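Have a look at the structure below before the remarks.
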Amino acid sequence: MSFTGEYRHTIDSKGRLIVPSRLRDGFVDDKVVLIRSLGGGKGKNASEGWARLEQALLEQGRANANVRSVVRAVAASAHQDEVDRQGRIGVPGNLREYAGVTRDVVVVGALDHAEIWSPERWTEEQAKVDEGRLDELAQELNF
């Protein structure tokens, strides 16, 4: 199961987000790990995806100061949770602040994980490809 699609949702007053049902199908045992990600979004990994990311970070070694900084930032921001009976997860205040999320959010699939964006930042991100640059950006890919 891959994570795909774009969904508009809100975060309630207690910091909970209803996870789109199509994305919940990709979670193993309803477990999720929220992390800071590059580019201003928040990654939302199923526990399986988190295990792969964790292993990849561990394999980087600790000799490089940049690697240590990335490991610390990702591990310190990680918030493990389970989807509750109403299909919600908690999004901690520090991650909401980092992503610029207040009430409205955009949840997007990114194949092996999902991301949570503020609507404003998501619009900015989409402008990068909507301005006819998708073909140009795709030139850098190997497919």
Side-chain angles (χ1 to χ4, degrees), residues 1-62 66-143:
M1 167 73 180
S2 64
F3 296 93
T4 59
E6 178 181 321
Y7 310 90
R8 305 269 171 172
H9 282 268
T10 57
I11 291 183
D12 69 16
S13 61
K14 294 182 180 178
R16 297 173 301 196
L17 168 69
I18 295 176
V19 178
S21 61
R22 287 190 177 179
L23 297 181
R24 279 196 305 262
D25 293 342
F27 295 167
V28 176
D29 298 326
D30 287 332
K31 294 181 192 261
V32 62
V33 180
L34 299 175
I35 61 168
R36 283 176 55 168
S37 65
L38 304 175
K42 274 196 300 292
K44 179 169 58 175
N45 292 357
S47 58
E48 202 172 78
W50 169 251
R52 284 192 309 271
L53 175 61
E54 187 176 33
Q55 186 59 41
L57 289 171
L58 288 170
E59 290 172 0
Q60 296 300 310
R62 300 289 188 265
N66 291 336
V67 169
R68 290 191 305 270
S69 293
V70 170
V71 168
R72 282 187 205 109
V74 171
S77 75
H79 170 75
Q80 299 183 34
D81 204 353
E82 289 188 29
V83 179
D84 70 13
R85 288 183 298 222
Q86 284 78 36
R88 303 172 300 194
I89 56 170
V91 182
N94 64 320
L95 291 177
R96 290 194 312 266
E97 183 178 329
Y98 172 77
V101 167
T102 52
R103 178 172 163 72
D104 295 325
V105 299
V106 181
V107 181
V108 298
L111 300 182
D112 66 345
H113 67 284
E115 298 176 345
I116 301 170
W117 292 80
S118 73
E120 298 79 20
R121 288 186 182 171
W122 179 244
T123 298
E124 291 170 11
E125 182 68 16
Q126 287 303 285
K128 293 175 185 176
V129 295
D130 289 344
E131 295 170 353
R133 292 194 55 228
L134 183 58
D135 289 338
E136 177 186 325
L137 295 170
Q139 297 286 327
E140 298 176 25
L141 303 178
N142 294 324
F143 60 57

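Being a predicted model, the structure only gives us computed values, none of them experimental.
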Quiz item: Looking at OG1 of Thr123 and NZ of Lys128, how far apart are the two atoms once the value is rounded to the nearest 0.5 Å?
Solution: 12.5 Å

Quiz prompt | Rounded distance [0.5 Å steps], CD in Gln86 versus CD1 in Ile18 | solution = 8.5 Å

Practice problem: Apply side-chain hydrogen bond (donor to acceptor under 3.5 Å, both in side chains) to Asn94 and list each qualifying residue two or more places apart in sequence or on a separate chain. | Solution: none

Quiz item: Which pair of heavy atoms, one from Arg68 and one from Arg62, lies closest together, and at what distance?
Solution: NH1-O, 2.6 Å

Quiz prompt | Taking every non-hydrogen atom, the tightest pair across Leu23 and Thr4 | solution = CD2-O, 3.7 Å

Practice problem: Might you work through the side-chain contact (heavy atoms from CB on, under 4.5 Å) test for Asp112 and Arg52, ending with a clear yes or no? | Solution: CA-CA 10 Å; Asp112 66 345; Arg52 284 192 309 271; 4.0 Å; yes

Using distance only, find each side-chain donor-acceptor pair of residues 69-80 under 3.5 Å and give its atom names and separation, not counting sequence neighbours.
unit_1: Ser69; atom_1: OG; unit_2: Ala65; atom_2: O; d: 3.2
unit_1: Ser77; atom_1: OG; unit_2: Arg36; atom_2: N; d: 3.0
unit_1: Ser77; atom_1: OG; unit_2: Ala73; atom_2: O; d: 3.2
unit_1: Ser77; atom_1: OG; unit_2: Val74; atom_2: O; d: 3.0
unit_1: His79; atom_1: NE2; unit_2: Gly90; atom_2: O; d: 3.4

Quiz prompt | For Asp30, all residues meeting side-chain hydrogen bond (donor to acceptor under 3.5 Å, both in side chains), sequence neighbours excluded | solution = none

Quiz prompt | Which residues share a side-chain hydrogen bond (donor to acceptor under 3.5 Å, both in side chains) with Arg24, sequence neighbours left out | solution = none

Quiz prompt | Arg88 CZ to Asp81 CG distance, which is reported to the nearest 0.5 Å | solution = 10.5 Å

Quiz item: Does the side chain of Phe3 reach to within under 4.5 Å of the side chain of Arg22, using non-hydrogen atoms?
Solution: no

Exercise. Check whether any side-chain heavy atom of Leu53 lies under 4.5 Å from a side-chain heavy atom of Ile35, and answer yes or no.
Key: yes

Quiz item: Any idea which heavy atoms bring Ser118 and Gly100 closest together, and the distance?
Solution: CB-O, 3.3 Å

Quiz item: Out of curiosity, His9 NE2 to Arg103 CZ, how far, rounded to the nearest 0.5 Å?
Solution: 12.5 Å

Quiz item: Taking the side chain as C-beta and beyond, is there a heavy-atom pair between Asp84 and Ile89 under 4.5 Å?
Solution: no

Quiz item: Going through the checks in order, is the side-chain contact (heavy atoms from CB on, under 4.5 Å) test met by Val108 and Trp117?
Solution: CA-CA 8 Å; Val108 298; Trp117 292 80; 3.7 Å; yes

Practice problem: Please identify each residue that fulfils salt bridge (charged side-chain N to carboxylate O under 4.0 Å, His left out) with Glu82, with sequence neighbours left out. | Solution: Lys31

Quiz item: Say you draw a straight line from CG of Leu34 to CD1 of Ile116; how long is it, rounded to the nearest 0.5 Å?
Solution: 5.0 Å

Quiz item: Is there side-chain contact between Pro119 and Val105, with heavy atoms separated by less than 4.5 Å?
Solution: no

Practice problem: For Glu6, check side-chain hydrogen bond (donor to acceptor under 3.5 Å, both in side chains) against everything at least two apart and list the hits. | Solution: Arg8, Trp122

